[in-house]
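The structure appears right after this line, and notes come after that.
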Amino acid sequence: AGAPASGNRRPVSSLSGLEHSFAGQSELLAGLLTALGSGLLIGLERERSKGHGRQREAAGLRSFTIATLAGALAQGLATPGLVAAGALAITALAALAYLRSRRSDPGLTTEMALLLTYLIGVLCVQSPGLGAPAAVVLTALLAGRNRLHRFATRVLREQELHDGLLLAALALVVLPLMPSEPLPWLAGLKAHSLMGLLLLLLALQALGHIALRLLGARAGLALSGLMSGLVSSTATIAAMGSRARAEPALLRACAAGAVMSTAATWLQACLMLLALAPQAGLRFLPIGLAGMLTAAAAGALLAWRGGAALGADRSSDGPLRLREALIIALLLSLVTLGVSWAQQQFGSSGMFSAVALASLADAHAPMASLAALASSGEITPELLTAGVLLAIACNSVTRSVTAGLAGGRRFALPVIAVLTI
C-alpha cells in the first residue's frame, strides 16, 4: 500500500519543479520581449534621423534593437561581470563610431543613446515596468531634438533660466535644510514654514509668467489667477500685485488675475461644503455661486480691458521678484503668529470670534471646521452659512491689505471693490 503512495508523489514534485522553472523563464521572457519592444522603439527614431549615404550615422534600427537584447541577455544569464563587460563593449563600439563620424557630426547623441539603450535592456529584465517607460522617455528626448534646441536657444531667456535655477535651488537645497521647530529669534515662526510660503509665492509668480508668455495678457494672467487661487488667493494677489508694480502696462491684466483668484475662493468653498456637509452645502450653494460669478465677471471685464497691454513683456525682466515675495511671506507669517498669540491670550469667546481670528490668516481651515461641525449636527445650516461668510469676509481684509502692499493703490482698488461686493 505504501509503494503506490510513494510512486504518486514523484510526479507531483516534478510538476512543481517544472512550474517553478517555467515561472522563472516566463519572467525572463517578459523582460526580453520588453527589451525587444524598447529597442525597436528607440531604433525607429534613430533610423529616421541617421541620414543616408556615407555621412549617415553608424547606428540605426537594428543596432539599437540588438543593444537592448544584448543588455537583457547579459542580465538574464546572471553571469558575474557579464553586464559590465557588455557595457564596456558597447562603449568601445560607440567610441569607434564617434571617431568615424566626428568630422561630419561632432555630437555624441547617438553614441550615448546606444549605451543608454543597452542599460535599458538590462533594466527591462530587472523591472519591465521601469524599462519600458525609460525607453519611451529616451525616444521622446531624441525625437524632440529640434524643439528642445529651439526652446533652449530662442524661447528661453537668460533671466528666465537664472530664475528657474534659483527656484530649484531654494526648493531642493535650501528648503530641506530649514529647521522645522519654532525659532525664538523669529518670534516663534518656523523657518521651514516661512521658506515654504516664500516658495509658494515664487512658484505662483513663475506660473503667471508662463501663462503670460503662452496665452498673452488677456487670457494668460486671468487663467493663472483662477488656477493658483485654488491654492491660495492671498498668495496669488501678492504675486499679481508684484508683477503689476514691476510692469505697470500689465496692471489691469494682473488685477484680473487677482480678482479671478477670489472667484476660486468661492468655488473652493462650495466644493468643500458639498463634500463635507452636503445638505448644508446645498443651502450655501446659491450664495457661493453668486459670489463666484460676480468675481468671475469682474475678472473677465478687467482682462478684456487690459488685454492690449502686451508691450510690457520686456526681455530683461525675469519671472521672479524675490524681494516682494519675501515681504509678503513675512507679512502673512506675522498675521498667523498674531492670530495664534491672540487665541492663547484671550481664548475664543465663541465660535464666530474663533472663525474671525483664524480667517485673518487662512479661510480654508475655518471653513473645513465649520463643515465638520455641520456634518455632525452640532451647528445648523444657517450658522454654517453665516460662519463661512464671516471667514471669507475676514480673510478679505488680509487680501485687501496684501493687494495694497504688493501692487499699490491702482492695483488694489479693483481688487478691494470685488472683495467688498
Side-chain angles (χ1 to χ4, degrees), residues 200 204 207 219 221-237 240 255-304 332 335-336 339 343 348-400 402-403 414-421:
L200 174 62
L204 292 178
L207 178 62
L221 292 179
L223 180 61
S224 172
L226 178 64
M227 300 305 296
S228 57
L230 295 173
V231 179
S232 173
S233 177
T234 307
T236 302
I237 290 173
M240 292 295 176
V259 169
M260 292 299 286
S261 75
T262 66
T265 299
W266 288 103
L267 174 61
Q268 197 168 36
C270 293
L271 296 177
M272 186 181 299
L273 296 183
L274 288 173
L276 298 178
Q279 294 183 352
L282 288 174
R283 186 179 295 271
F284 176 81
L285 188 60
I287 300 176
L289 288 177
M292 181 183 66
L293 292 176
T294 301
L301 178 62
L302 286 170
W304 179 73
L332 297 180
V335 169
T336 303
V339 169
Q343 288 180 334
S348 54
S349 57
M351 181 188 70
F352 288 125
S353 62
V355 168
L357 281 174
S359 299
L360 290 174
D362 177 45
H364 298 155
M367 286 192 295
S369 300
L370 290 169
L373 292 175
S375 178
S376 61
E378 298 184 35
I379 62 174
T380 63
E382 290 77 11
L383 285 177
L384 171 68
T385 300
V388 171
L389 291 176
L390 178 63
I392 295 177
C394 292
N395 188 251
S396 297
V397 175
T398 302
R399 286 183 284 176
S400 299
T402 302
V415 177
I416 295 174
V418 174
L419 291 173
T420 304
I421 296 174

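Small disclaimer: the values here were computed from a predicted structure and weren't measured.
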* Set of residues satisfying side chain to side chain donor-acceptor pair (under 3.5 Å) with respect to T262, sequence neighbours excluded -> none
* Asked: Which pair of heavy atoms, one from V259 and one from P414, lies closest together, and at what distance?
  -> CG2-O, 4.3 Å
* Asked: How many angstroms lie between CD1 in I237 and OG in S261, if you round to the nearest 0.5 Å?
  -> 4.0 Å
* Structure fact -> Residues R283 and P381: closest non-hydrogen pair is NE-CB, 3.3 Å
* Indicate whether any N or O donor in one side chain lies under 3.5 Å from an N or O acceptor in the other, for S233 and R399. => yes
Which side-chain N or O atoms in residues 273-282 pair as donor and acceptor under 3.5 Å with protein atoms at least two apart or in another chain?
none

* Asked: Of all heavy-atom pairs between A255 and V415, which one has the smallest distance, and what is that distance?
  -> O-CG2, 4.4 Å
Please output the side-chain donor-acceptor pairs of residues 284-296 that fall under 3.5 Å, not counting sequence neighbours, one pair per line with the distance.
residue : atom : partner : partner atom : Å
T294    : OG1  : A290    : O            : 2.8

* **Distance-minimising heavy-atom pair for T236 and G257** => CG2-O, 4.3 Å
* **Euclidean distance, T265 OG1 relative to N395 CG, rounded to 0.5 Å** => 7.0 Å
